[in-house]
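Since the model is a prediction, treat every value here as computed from it, not as a measurement.
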Amino acid sequence: GIWRLFHLGVSSCQISKRVGISRGTVVNRVGGNPRSLIFIECIRCNKTKPREQFLMPRGRNNSRICRACDNTRQYGMGIWRRYRIRLVDYQRLLESQGRVCAVCHVASPEKNGSRIKRFCVDHDHTSKKIRGLLCNRCNRVLGLAEEKIEVLESAIAYLKQHTQVEDQPADAVKDCK
């Protein structure tokens, strides 16, 4: 209750009026103005967070869901519309893959230099069957190759052929400028 507010750095002079701490209610107010909410408890994660971490749509004085929970909810709705997979199933699939990309085994999609924070849902475009979760880079590689195994095998052969260059004599290597 009130002790959590002190741990969050709210001084006793700021807490002039305290409202109930039941799920999804405003934790405290400064004065009587509803726009002066300091902390709100999220109804999804049950965490008390500063007002700035909540969506405040026009015409509403407060929101009951924090931005992080709303982003997760929006993502869940998006993958359901697009792939007919629930967020719980996405989490199960991620766990079954060891929480890594199914192709390059990177643990975080952001480590590949991507701004995308979640793994992409890889699916067969003809059967619509979900194959696994990939980082953005691996998903783009498959997409640019149009999911053609021949193209990917050819690319692998090409790379193997040109990594053998180190073993050839210097005069056999063409200078690429």
Do [X] and [Y] come close enough that some side-chain heavy atom pair is under 4.5 Å?
| X | Y | result |
| --- | --- | --- |
| Leu133 | Val121 | yes |
| Trp80 | Ile85 | no |
| Arg82 | Met77 | no |
| Arg44 | Arg73 | yes |
| Cys135 | Cys104 | yes |

Exercise for review: For Phe54, enumerate each residue passing the ring-ring contact (aromatic ring centres under 6.0 Å, His included) test, keeping only those at least two apart in sequence or located in another chain.
Suggested key: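 Partners of Phe54 by the ring-ring contact (aromatic ring centres under 6.0 Å, His included) criterion come out as none, since no residue qualifies.
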
Can you measure from [atom1] ([X]) to [atom2] ([Y]) and round to the nearest 0.5 angstrom?
| X | Y | atom1 | atom2 | answer |
| --- | --- | --- | --- | --- |
| Gln53 | Cys66 | CD | SG | 7.0 Å |
| His105 | Cys138 | NE2 | SG | 9.0 Å |
| Lys117 | Asn71 | NZ | CG | 9.0 Å |
| Arg64 | Cys42 | CZ | SG | 11.0 Å |
| Cys120 | Leu134 | SG | CG | 7.0 Å |
| Cys69 | Lys47 | SG | NZ | 8.0 Å |

Review point. Do Arg51's NZ or CZ and the ring of Phe39 fall within the cation-pi criteria of under 6.0 Å and 45°?
Key: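 Verdict for Phe39: no cation-pi partner in Arg51.
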
Which heavy atom in [X] sits nearest to a heavy atom in [Y], and how many Å separate them?
| X | Y | answer |
| --- | --- | --- |
| Ala145 | Leu152 | CB-CD2, 3.6 Å |
| Asp124 | Glu147 | OD1-OE1, 4.3 Å |
| Ile65 | Asp70 | CG2-N, 3.7 Å |
| Gln97 | Ala102 | NE2-N, 3.6 Å |

Practice item. Without swapping roles, check the side chain of Tyr90 against the backbone of Phe119 for a donor-acceptor pair under 3.5 Å. Key: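 It does hold such a pair.
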
Point to revise | Ser154 side-chain N/O to Glu150 backbone N/O, donor-acceptor pair under 3.5 Å | key: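 Such a contact is absent between Ser154 side chain and Glu150 backbone.
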
Check your understanding: Would you call Asp89 and Arg92 a salt bridge, using N to O less than 4.0 angstrom?
Key ->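 Judged by the 4.0 Å cut-off on N to carboxylate O distance, Asp89 and Arg92 do form a salt bridge.
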
Review point. Does Glu153 pair with Lys148 as a salt bridge, N-O distance under 4.0 Å?
Key: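 No, no charged N to carboxylate O under 4.0 Å.
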
Practice item. Any pair with a residue in residues 123-143 that passes ring pair (Phe, Tyr, Trp, His ring centres under 6.0 Å), sequence neighbours left out, goes on the list, sorted by first then second residue, please. Key: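 Listed once each, the pairs are Tyr83-His123, His123-His125.
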
Exercise for review: Please check if atom CZ in Arg84 has more than 12 non-hydrogen atoms from other residues, nucleotides or ligands closer than 6.0 Å.
Suggested key: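 Yes.
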
Exercise for review: Would you please test Thr48 and Ile40 for side-chain contact (heavy atoms from CB on, under 4.5 Å) and show each step?
Suggested key: CA-CA 6 Å; Thr48 302; Ile40 303 172; over 6 Å; no

Point to revise | Test log, rule side-chain contact (heavy atoms from CB on, under 4.5 Å), inputs Val100 and Val106 | key: CA-CA 5 Å; Val100 296; Val106 70; over 6 Å; no

